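Here is the structure we will look at, set down as structure tokens.
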Protein chains: 2
Amino acid sequence: MSSEALKRATTLEDVARVAGVSRATVSRVINGVRNVDPAIQDAVRQAITRTGYVPNSAARSLVTRRTGALALVISGSDAPETPDHHVGGEIFADPFFGRVVSGVFTGLRPLDLHPVLMLADSAEARDKALTYLRQGNADGAMVVSTHSRDPLPAQLLAAGIPTVLFGRPPTPLSLSCVDLDNREGGRIAADHLHARGRHRVAAVSGPLGVRAARDRLSGFREAMADHGIHQLPHVEGDFTREDGERAMASLLRRYPDLDGVFAANDLMAQGALAVLAEHRRRVPEDIAVIGFDDSSAATAGRPHLTTVRQPVEEMAAEMTRVLLDHLARPGRAATTVLFEPTLIERQSA
Amino acid sequence: MSSEALKRATTLEDVARVAGVSRATVSRVINGVRNVDPAIQDAVRQAITRTGYVPNSAARSLVTRRTGALALVISGSDAPETPDHHVGGEIFADPFFGRVVSGVFTGLRPLDLHPVLMLADSAEARDKALTYLRQGNADGAMVVSTHSRDPLPAQLLAAGIPTVLFGRPPTPLSLSCVDLDNREGGRIAADHLHARGRHRVAAVSGPLGVRAARDRLSGFREAMADHGIHQLPHVEGDFTREDGERAMASLLRRYPDLDGVFAANDLMAQGALAVLAEHRRRVPEDIAVIGFDDSSAATAGRPHLTTVRQPVEEMAAEMTRVLLDHLARPGRAATTVLFEPTLIERQSA
DNA sequence: ACGGGCTGGGAGAGCGCTCTCCGAGCGTGC
DNA sequence: GCACGCTCGGAGAGCGCTCTCCCAGCCCGT
């Protein structure tokens, strides 16, 4: 009781003393385990408010082996760090990132869990992230892994860290994942372009090191072949708007009579639209453009993009749910949840 | 040495035994404190790799009172949660969010620290965030507080949690913050529009509950008044592209002869551009548009936006640095770092 | 009246680490 | 040769919590 308590944070012990019970009882009241006499419960609660007690989560974690944090790892391709560019700038600028975060929060909101963000865009960063996770700083990991050769998923698996992937890995791992049927998405785009009577079409794909990009392209190609179109100009982009502009310009130069373009994401489609406008091509009259994602970029410019929707928020929320499930019941088999793309018809195609 | 170790994680104790030293010595080697005989250091390091030891951070936190995590709190205005909308959807869709994250990572990269994301978009979420921080789950907080009446900064101050704010609070608190001279930014926009010979101008402001929005508007107004323009049509927007479209449409209806518009962020400017295109107004010939932020939205459409640059990444990185500084030297006086806006001249004005 | 289950609280042993204190060993100065 | 300081490793006390035991008391059936 000696005042001048020197700022020592109040502990369970203090509360117990004030309430006149044992530490164990206070703990029971706080965690709601077992029956505790209502009168004592009251006393404890009063003591808690009186002392302003807040449990120390490090101490709690030490014994429960739970932290209340989930890692959200953005495991990008090794980005060259240009001096004027900020860390992960391109990744974080992509609407995709915000949608994932939003979905994760949707899945986490009801619980008392928080996402800790990690950027694994280099071997060094990946090691750091792995170490961090190994140290038990988070209960599990959600990994948005863009590149095919990313070793992180396998490392997490080996380390025994509960993990769920956004996007299937190139070679199956016994890790749960959530993904879109990208091939089918590509097919949808092709079918739509074909139904609109476009026969001189081209594709702006994403980086072919990314499985989703390859799948979208091959789905598109397959369906186009089904429609009898076998020649398919193709430029590889990097999913940025700037690259969409560059790709469209190059396509236009080489194939001036194009009447349809499929871009593997909305950002690149938006870039294509801008270049087309500069070239005075009317969309969709002269040339139809179809995007992918249905992100905010789809309705940012004019005309609004017709696009293949990827329900990123739902997928991220599902990824979170799956991870929570694994945490709740360890040893559960890995599952893959596949989402179906849908066509969102707007004005550009 | 009895095998069948039942998966118990290896601890310091184990390493010490293997290396033939005491726990303390292993700890010293790991944390690099004091001189330890090189031969012993080697032995310890070998033992560490041999056993695959990874320190448990909960145990470490318990005694060091450091967690290695920094909270990044997005304390938005109380968002109505519509069923089809995802948590924080609008906030996370704004390029601003990604830029902040990028800047924070830039500031954190060299250290072994990670940001944990928190969304405080309701009283309940705010309480949760506060509790989380009080429990010592993070060493400090970086708060992007959008709304003027947000009680969170004051609560954090009262709770004694090291905090740095992005954006000055409406009433000064003894908390460090990083902000832009928004008023000056508004002035820059006005001066540029005036220099371009525009006299029938209007403003699309941000939500007036947000200090930055108010400051930008009043700076713009002041400078316009200096140029002899006192009548200034004004529509309040909410910083979204959709609202920019709505605002521009409304402005156009009421003031068809406008020849200049200042939008308080690029997203709204982009919306304005789209509406202007639909109305066949040429930008900048018929009407000049100037945005604010210099986000990726500025160059997404055509024409590229002339805009007042807010170096969000640098500001976020600085915010991180300031927080780290407060953590390194507690009891240090609060500082305010003010960044200067600059005009980025492109095509729209 | 008595044994057996059941309810509800206390004692205390850790969880895995850090860090202060000690003391052994050794070089140094006079 | 001896006291002194210095370097470097070990012992052990916690950090604040959870959770398993254990035990006291009580209600029940017979």
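Here the structure is a predicted model, which means the values were calculated and not measured. Every chain is numbered from 1, with letters handed out A, B, ... down the list of sequences.
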Listed once per pair and sorted, the salt bridge (Lys or Arg N to Asp or Glu O under 4.0 Å) pairs that draw on residues 141-162 of chain A, sequence neighbours left out
R126(A)-D150(A)
Does any non-hydrogen side-chain atom of V312(B) lie less than 4.5 Å from one of F96(B)?
yes
Rounding to 10°, can you tell me the angle the first-five-pair axis of the helix from dA1(C)-dT30(D) to dC30(C)-dG1(D) makes with its last-five-pair axis?
40°
K128(A) (side chain) donor-acceptor with M118(A) (main chain) under 3.5 angstrom
no
What pairs meet the salt bridge (Lys or Arg N to Asp or Glu O under 4.0 Å) rule with one or both residues in residues 20-30 of chain B, with sequence neighbours excluded?
E13(B)-R23(B)
Output every pair passing salt bridge (Lys or Arg N to Asp or Glu O under 4.0 Å) with a member in residues 42-52 of chain A, not counting sequence neighbours, ordered by first then second residue.
none
Please report the closest heavy-atom contact between A316(A) and V100(A), naming both atoms and the distance.
CB-O, 3.4 Å
Heavy atoms of M319(A) and L165(A) approach each other most closely as SD-C, 4.1 Å
Checking side chain to side chain contact (heavy atoms under 4.5 Å, CB included) for the pair D325(A)/R332(A): CA distance, chi angles, key distance, verdict?
CA-CA 8 Å; D325(A) 199 70; R332(A) 183 139 243 257; 2.6 Å; yes
Closest heavy-atom pair and its distance - A39(B), D37(B)
N-OD1, 2.8 Å
So where does chain A start and stop touching DNA chain C, 5' to 3', when the test is distance under 4.0 Å to a non-hydrogen atom?
dG8(C) to dG16(C)
Check nucleotides 5-9 of chain D against the protein and report each pair of N or O atoms closer than 3.5 Å, with its distance, or say if there are none.
unit_1, atom_1, unit_2, atom_2, d
dC8(D), OP2, N35(B), ND2, 3.0
dG9(D), OP1, D37(B), N, 3.0
dG9(D), OP2, N35(B), O, 3.4
dG9(D), N7, R28(B), NH2, 3.4
dG9(D), N7, R34(B), NH2, 2.5
dG9(D), O6, R34(B), NH1, 3.2
dG9(D), O6, R34(B), NH2, 2.6

R99(A) versus F92(B): any side-chain heavy-atom pair under 4.5 Å?
no
